[in-house]
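Accompanying notes for the structure given below.
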There are 2 protein chains.
Amino acid sequence: MASITIDDVADLAGVSIKTVSRVLNREPHVRAATREKVLAAVEQLNYRPNVSARALAGSRSYLLGLFFDNPSPGYNGQIEQGAMSACRNSGYYLIVEQMTEIGDDLQKRIAAFHATVRLDGVILPPPLCDRPELLAALDADRIPYVRIAPTISLERAPYVYMDDRKAAYEMTAYLQSLGHKDIAFIAGPSDHYAAARRREGFDQAMRDAGLAVKPGRVQQGAFSFRSGSECGEKLLDTRDRPTAIFAGNDDMALGVMAVANRLHIDVPGTVTLAGFDDSPSAQVVWPQLTTVRQPVADMAQVATELLINADRDDDMPRARLMDFEVMVRQSSGPPSR
Amino acid sequence: MASITIDDVADLAGVSIKTVSRVLNREPHVRAATREKVLAAVEQLNYRPNVSARALAGSRSYLLGLFFDNPSPGYNGQIEQGAMSACRNSGYYLIVEQMTEIGDDLQKRIAAFHATVRLDGVILPPPLCDRPELLAALDADRIPYVRIAPTISLERAPYVYMDDRKAAYEMTAYLQSLGHKDIAFIAGPSDHYAAARRREGFDQAMRDAGLAVKPGRVQQGAFSFRSGSECGEKLLDTRDRPTAIFAGNDDMALGVMAVANRLHIDVPGTVTLAGFDDSPSAQVVWPQLTTVRQPVADMAQVATELLINADRDDDMPRARLMDFEVMVRQSSGPPSR
DNA sequence: TGGCCATTTGACAGCGCTGTCTTTTCGTCC
DNA sequence: GGACGAAAAGACAGCGCTGTCAAATGGCCA
């Protein structure tokens with residue numbers, strides 16, 4: 001069970017271990033013929049360098065951290081999928097860690113973690129990426145990081161993001177294109193950055209189309225199924241209904257849909273419904289929910305690549321805008337009136 | 001930024017580094033007073049041993065692998081949550097890896113991975129835990145592993161599991177207790193171990209209650225939303241409906257619910273609906289789904305603890321049965337007829 | 001053919017810890 | 001009080017690799 005080491009490769013190739021090291025690390029100053037010999041030996045022995053030894057001896061550990069805070073396992077799973085595939089493509093490994101502890105010892109926690117596992121960088125999904133103490137702790141220990149959809153201190157580190165405002169604008173425009181004029185909006189928490197942008201997009205689209213938003217048509221939700229139900233009840237359990245409801249996220253849209261089912265209000269026959277996120281649940285309800293697809297896994301993959309290549313290219317972009325997609329499904333249709 | 005090493009601790013405590021090492025590893029042959037001195041120094045310097053150095057020098061790496069195959073990000077997320085908390089409690093770290101490649105190079109893939117990252121063990125969730133080539137590869141490299149809900153070769157390694165048969169029995173008994181006599185069942189893929197056990201539980205419960213299962217009352221599904229819809233249509237779009245439908249998993253139950261909504265069949269007024277899994281979507285539909293809760297995160301946590309303590313206690317149990325819970329929600333009620 | 005410089009290769013130390021083996025310390029008994 | 005043996009502590013090598021610096025090689029021109 002003694003495993004193959006760099007010495008074995010060096011012996012077989014008839015060179016020194018340093019030369020093997022150079023080839024493996026794509027360093028210059030190796031003759032093409034020598035490189036070939038080494039690579040052949042590596043191939044023949046199926047040699048793989050040991051990350052622990054590399055981390056100990058060198059300046060890179062080939063380990064990236066993925067920190068979680070988000071309570072949604074579905075979202076986390078997608079993030080992770082993207083990060084994993086980026087890692088696999090570049091020989092990095094992903095260490096996941098829950099960072100849910102409260103407050104003041106975060107600085108110490110990070111320091112301890114970094115002393116134990118020397119990470120080459122950290123991936124921060126929301127809402128973790130917006131906690132100033134975390135960023136400060138990482139900066140203090142000089143640990144590089146990327147952020148996914150951050151909303152504050154954008155200049156501090158590279159990040160990927162989505163244009164929530166534009167996405168909400170386009171969804172609203174799509175509803176208008178179906179013929180809807182009386183559209184209601186269920187907003188998310190006002191201190192939530194993306195929620196505010198989505199609201200702006202809706203408002204702007206209505207203004208640009210010259211459509212008035214009737215009083216009471218904008219409800220304040222909390223991004224939860226329950227809050228969606230409550231807002232949905234106010235909007236639907238009355239004679240004066242909007243013809244379309246655009247909820248700031250899918251959970252709230254599903255809350256509205258539940259209310260509609262309960263009140264026997266046909267979707268999309270009587271009222272059109274749209275959400276935002278394309279959560280897994282969006283396709284396991286009937287009618288399937290028209291929504292905005294966020295490319296969560298792609299965002300994580302791009303973010304991870306950004307992190308890995310951060311030192312390589314100096315002219316690496318610091319921010320990367322990701323595409324969204326309006327997913328038209330069965331919950332939307334032309335107005336009946 | 002030069003970090004604190006074991007030498008610093010040894011100097012401060014006035015002992016040799018070996019003694020510090022002994023204290024940190026809970027080895028015997030250290031006087032209580034010496035231990036205290038060392039621990040005080042560790043505390044004062046906030047020292048943390050470096051895993052790479054430990055892995056390189058010793059026989060343990062403090063790294064566990066969590067391999068994924070499962071396409072469901074929600075399930076993965078829960079598994080991960082459980083595994084992470086077990087790791088955090090015992091100073092281990094979790095490396096996640098996608099193992100979705102097909103077939104024959106799996107052996108080589110594992111070997112390469114193990115050469116690179118010397119893992120102390122691997123956690124295998126379903127359906128990965130049932131791939132014989134994977135188990136063979138791990139055995140060949142002498143990598144310890146635990147399995148979550150495995151269905152074959154149970155003697156090969158420790159595992160945690162749930163009694164699907166009993167859970168389905170209890171759910172069926174619950175439906176019977178509401179007064180239902182004409183209960184339909186939507187089965188999962190017959191080659192799926194848990195699906196078969198659930199079917200058995202249903203059958204047994206009906207037999208024990210002396211209730212006949214009418215012809216056509218057991219439909220063959222595929223664990224997907226779509227297959228649930230198809231089966232639901234056959235069961236509901238007819239005069240001769242069952243009063244209750246028990247689907248082998250939540251996705252199929254939600255498919256049935258979608259059909260019921262479309263056909264304006266009241267749930268639970270006209271037909272009672274039950275699922276299995278307690279997937280996240282089960283609570284974002286209306287009515288919320290009565291289902292069996294699988295303690296996925298707990299299972300992963302217990303599995304991880306089993307792996308970590310595998311060498312410690314010789315009398316460690318090889319298998320661990322986990323509890324389930326029948327979650328009674330709004331989709332079930334007494335029959336109307 | 002020899003000498004000079006740029007390029008390629010190698011020797012060696014050491015990263016921070018653990019495993020093995022040796023030395024020291026301490027308690028105990030005659 | 002000295003000898004003995006067990007318990008405690010330390011010395012030292014080395015895990016598998018990279019970084020630094022020194023040595024060897026080769027190309028080119030005189």
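The analysis underlying the following values was restricted to heavy atoms, covering all of them including side chains, and did not include hydrogens, waters or symmetry mates. Protein chains get the first letters and strands the later ones, always in sequence-line order, with residue 1 at the start of each.
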Please enumerate all protein N or O atoms sitting under 3.5 Å from an N or O of nucleotides 11-15 of chain C, with distances to 0.1 Å.
unit_1 : atom_1 : unit_2  : atom_2 : d
C:dC15 : O2     : A:Leu56 : O      : 3.4
C:dC15 : O2     : A:Ala57 : N      : 3.3

Determine whether A:Tyr62 and A:Arg60 satisfy the following criterion, side chain to side chain donor-acceptor pair (under 3.5 Å), listing intermediate values before the conclusion.
CA-CA 6 Å; A:Tyr62 298 91; A:Arg60 275 186 308 179; 3.0 Å; yes
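The CZ atom of A:Arg35 sits 15 Å away from the P atom of C:dT7 (whole-angstrom rounding). Rounded to an integer number of Å, the gap from NE2 of A:His29 to P of D:dT25 is 18 Å. For the pair B:Arg31 CZ and C:dG27 P, the computed distance is 7 Å after rounding to whole Å. Separating the CZ atom of B:Arg26 from the P atom of C:dT18 is a distance of 13 Å, rounded to the nearest angstrom. With rounding to whole Å, A:Asp11 atom CG is found 14 Å from D:dG16 atom P. The interatomic distance linking A:Leu45 (CG) with D:dG16 (P) rounds to 15 Å, in whole Å. The separation between A:Asn50 atom CG and D:dT18 atom C1' is 13 Å, rounded to whole Å. Taking atom CG on B:Leu24 and atom C1' on C:dC17, their separation rounds to 10 Å, with Å as the unit.
Side-chain contact check for B:Val122 versus B:Ile110: every heavy-atom pair is 4.5 Å or farther apart. Taking the side chain as every heavy atom from C-beta outward, B:Phe68 and B:Glu80 approach each other to under 4.5 Å. With contacts defined as side-chain heavy-atom distances shorter than 4.5 Å, the pair B:Val38/B:Val30 does not qualify. Taking the side chain as every heavy atom from C-beta outward, B:Asp8 and B:Tyr47 never approach each other to under 4.5 Å.
For D:dA9, one of the phosphate oxygens OP1 or OP2 lies less than 4.0 angstrom from a side-chain nitrogen or oxygen of B:Thr34. A sub-4.0 Å separation between OP1 or OP2 of D:dT18 and a side-chain N or O of A:Arg54 is present.
Side chain of B:Ser52 to main chain of A:Leu56: no donor-acceptor pair is present (N/O by atom type, distance under 3.5 Å, no hydrogens or angles).
Counting only residues at least two apart or in different chains, side chain to side chain donor-acceptor pair (under 3.5 Å) contacts with residues 295-304 of chain B comprise B:Ser85-B:Gln301, B:Gln301-B:Glu305.
Here B:Ser59 lies in heavy-atom contact (under 4.0 Å) with sugar-phosphate atoms only. Across all strands shown, B:Asn25 has heavy atoms under 4.0 Å from sugar-phosphate atoms exclusively, and none from any base.
The side chain of B:Tyr47 approaches C:dC17 more closely than any other nucleotide in the set C:dC17, D:dG10, D:dA9. With D:dC17, D:dA8, D:dA9 as the candidates, the nucleotide lying closest to the side chain of B:Thr19 is D:dA9. Residue B:Val30 places its side chain closer to D:dA9 than to any other of C:dT18, D:dA9, D:dT18.
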